[in-house]
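What follows is a short report on a single structure.
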Amino acid sequence: MPSPTTTKRIGYLDAARGIAAFMVMIYHYTGWKYPEHLSVKASHLLFNGADAVSFFFVLSGFVLSFPYLYYRKSMDIGKFYINRLFRIYPAFLIALILNVLFSQRNGLIQAPLDTLWNAFGFKGLAFWEEALLFRGRSSYLGLDWTLTVEIVMSFFIPFLIAMVLYQRRLIIWMSVMSLFMTFIMGVFVTPFLLGILIAVYFDDIQSDKFQQTIGYRFRYLFILIGIIFFSLRQIDHLMPLSPSIHYFMEAYQINFYMLSGIGSFILLVYIIRSHKAQRWLEQPLLIFLGKISYGVYLFHWVIVAAIFEYWDAIVLRFPNTTIAFIVMQLVCIILTLAAATAIYYWIEIPLIQKGKRITQRMKETLVIGTSNGN
């Protein structure tokens, strides 16, 4: 096992995150105006942005726990929380403010001061609740409920890591238990636990011994199951599942996000195991897309919203709706990538480094994973 001084990012997982963020962007663009169109429903089998969220959660569980379980780095819980806040909040707040300003654009023209005061002042409870990621409120930025999940789970991650360090097989029991306790634990706990499970058994997945497991011997069947589970929501949109299946899912509180989380787990294990998949993912452009993926995820929303707010006027400038749809999709991609790149270099990196400088000057809070067991 490498020493803590050799920690580094895993490029192919960055690329996988970037592809997932790109899927979310295309999913929102294509589904914004024409969600019931057959071609749009079919495209969502490939650009399944709804369930790419589950992939994010599994990957977050892995990434947040990996340095402490694989490299055996000690974790200062207080410093971990602060670094996490500096990672999530700055870009999110900018994206949220942009969406608020866009939603209040008419008022800003007619009465700018009153509009700003109503949006951001004491009357702006909707903004502040959303800015604090309070109970998943999404009045302006429709996807920040996922960040509420990230924040909440970030607070639990250190305790899950401590549990695993005590007895690593506990994560298997926790993962299985979470499938039967969604009414208590919520559907989004399972993907994070599955991500931690991958981090715990990362060496085993990569080892030759993995070839002797049932998972490897029937790997193509498991990959097919993973794809089906990941895509089942979109399959249901195209070809509705029988009422009995929906009744079973409701009775046992099986959510599409839970199924796509299991599917994401299977696909992520495949990526970690497959050198071919890793070589394909480790292309420089895909790795760069992974680096700016948070900005892609956040800032595409206001661009898509703006395009379809003025859609009727935009269509008049093109020969037909299809051409307009394709051209504006390219515009959406270009603007989103440009905004995400700017945010990555001007906001994300500087603020992440700022958080690290702050935590380096802090005294220890509660440390887990140290050799003396404190």
Taking the six-membered ring for Trp and the full ring for Phe, Tyr or His, determine whether the centres of Tyr71 and Phe66 are under 6.0 Å apart.
yes

Give a yes or no on whether Phe318 atom CZ has more than 12 heavy-atom contacts from other residues, nucleotides or ligands under 6.0 Å away.
yes

Can you tell me how far the CG atom of Asp312 sits from the NZ atom of Lys33, to the nearest 0.5 Å?
5.0 Å

Steps toward side chain to side chain contact (heavy atoms under 4.5 Å, CB included) verdict (Phe62, Ile10):
CA-CA 11 Å; Phe62 172 83; Ile10 303 176; 4.2 Å; yes

Centroid separation under 6.0 Å, is that true for the rings of Trp173 and Phe180?
no

Indicate yes or no: at least one non-hydrogen side-chain atom of Val367 is less than 4.5 angstrom from one of Ile77.
no

Arg273, Arg168, Lys209 screened by salt bridge (charged side-chain N to carboxylate O under 4.0 Å, His left out) with Asp204, the one that passes
Arg168

Ser39 and Tyr34: side-chain donor and acceptor closer than 3.5 Å?
no

Do Arg219 and Tyr216 form a cation-pi contact, if we require the NZ or CZ to be under 6.0 Å from the six-membered ring centre and within 45 degrees of the ring's axis?
yes

Trace of the salt bridge (charged side-chain N to carboxylate O under 4.0 Å, His left out) decision for Lys79 with Glu364:
CA-CA 8 Å; Lys79 295 179 181 181; Glu364 286 187 353; over 6 Å; no

Separation of Phe308 CZ from Cys332 SG (nearest 0.5 Å)
8.0 Å

Which is it for Tyr81 and Phe155 under the ring pair (Phe, Tyr, Trp, His ring centres under 6.0 Å) test, yes or no, and what are the steps along the way?
CA-CA 7 Å; Tyr81 288 158; Phe155 280 102; 4.6 Å; yes

More than 12 heavy atoms of other groups within 6.0 Å of Arg169 CZ:
no

Take the angle between the ring planes of Phe47 and Phe22 and call it parallel below 30°, perpendicular above 60°, tilted in between.
tilted

Are Tyr270 and Phe222, when compared by the centres of their aromatic rings, separated by less than 6.0 Å?
no

Any idea how Tyr27 and His44 line up, ring-wise: parallel (<30°), tilted (30 to 60°), or perpendicular (>60°)?
tilted

Sole residue of Val149, Thr146, Asn255 in side chain to side chain contact (heavy atoms under 4.5 Å, CB included) with Phe188
Val149

Atom pair CD1/CZ of Ile262 and Phe229 - distance to nearest 0.5 Å:
6.0 Å

Please report the interatomic distance OG1(Thr190) to OH(Tyr257), rounded to the nearest 0.5 Å.
14.5 Å

Only pairs under 3.5 Å count here: list side-chain donor-acceptor contacts from residues 279-294, not counting sequence neighbours, and write none if there are none.
residue	atom	partner	partner atom	Å
Gln283	NE2	Trp280	O	2.8
Ser293	OG	Gly290	O	2.7
Tyr294	OH	Ile88	O	2.6

Heavy atoms of other groups near Glu250 CD, more than 12 under 6.0 Å
no

Given side chains that start at C-beta, do those of Asp144 and Leu298 come closer than 4.5 Å, heavy atoms only?
no

The ring pair (Phe, Tyr, Trp, His ring centres under 6.0 Å) partners of His28 (sequence neighbours excluded) come to His300, Trp301

Pair Phe56 and Tyr297, ring centroids less than 6.0 Å apart
yes

Salt bridge present between Asp236 and Arg233 (N-O < 4.0 angstrom)
no

Roughly how far, to the nearest 0.5 Å, is CD1 of Ile172 from CG of Leu193?
12.0 Å

Would you mind reporting whether Phe248 and Ile245 have side-chain heavy atoms less than 4.5 Å apart?
no

Do the side-chain N and O atoms of Asn48 and Ser231 include a donor-acceptor pair separated by under 3.5 angstrom?
no

Which heavy atom in Pro191 sits nearest to a heavy atom in Ser54, and how many Å separate them?
CB-O, 4.1 Å

Taking all atoms of both residues into account, what is the closest heavy-atom pair of Asn320 and Ile323, and its distance?
OD1-N, 2.8 Å

Looking at side-chain heavy atoms only, is the closest gap between Ile358 and Phe86 below 4.5 Å?
yes

Can you tell me how far OH of Tyr220 sits from CD1 of Ile225, rounded to the nearest 0.5 angstrom?
15.0 Å

Determine whether more than 12 heavy atoms belonging to other residues, nucleotides or ligands lie under 6.0 Å from atom NE2 of His37.
no

Residues which pass side-chain hydrogen bond (donor to acceptor under 3.5 Å, both in side chains) with Ser60, listed by chain and number, not counting sequence neighbours
Glu150

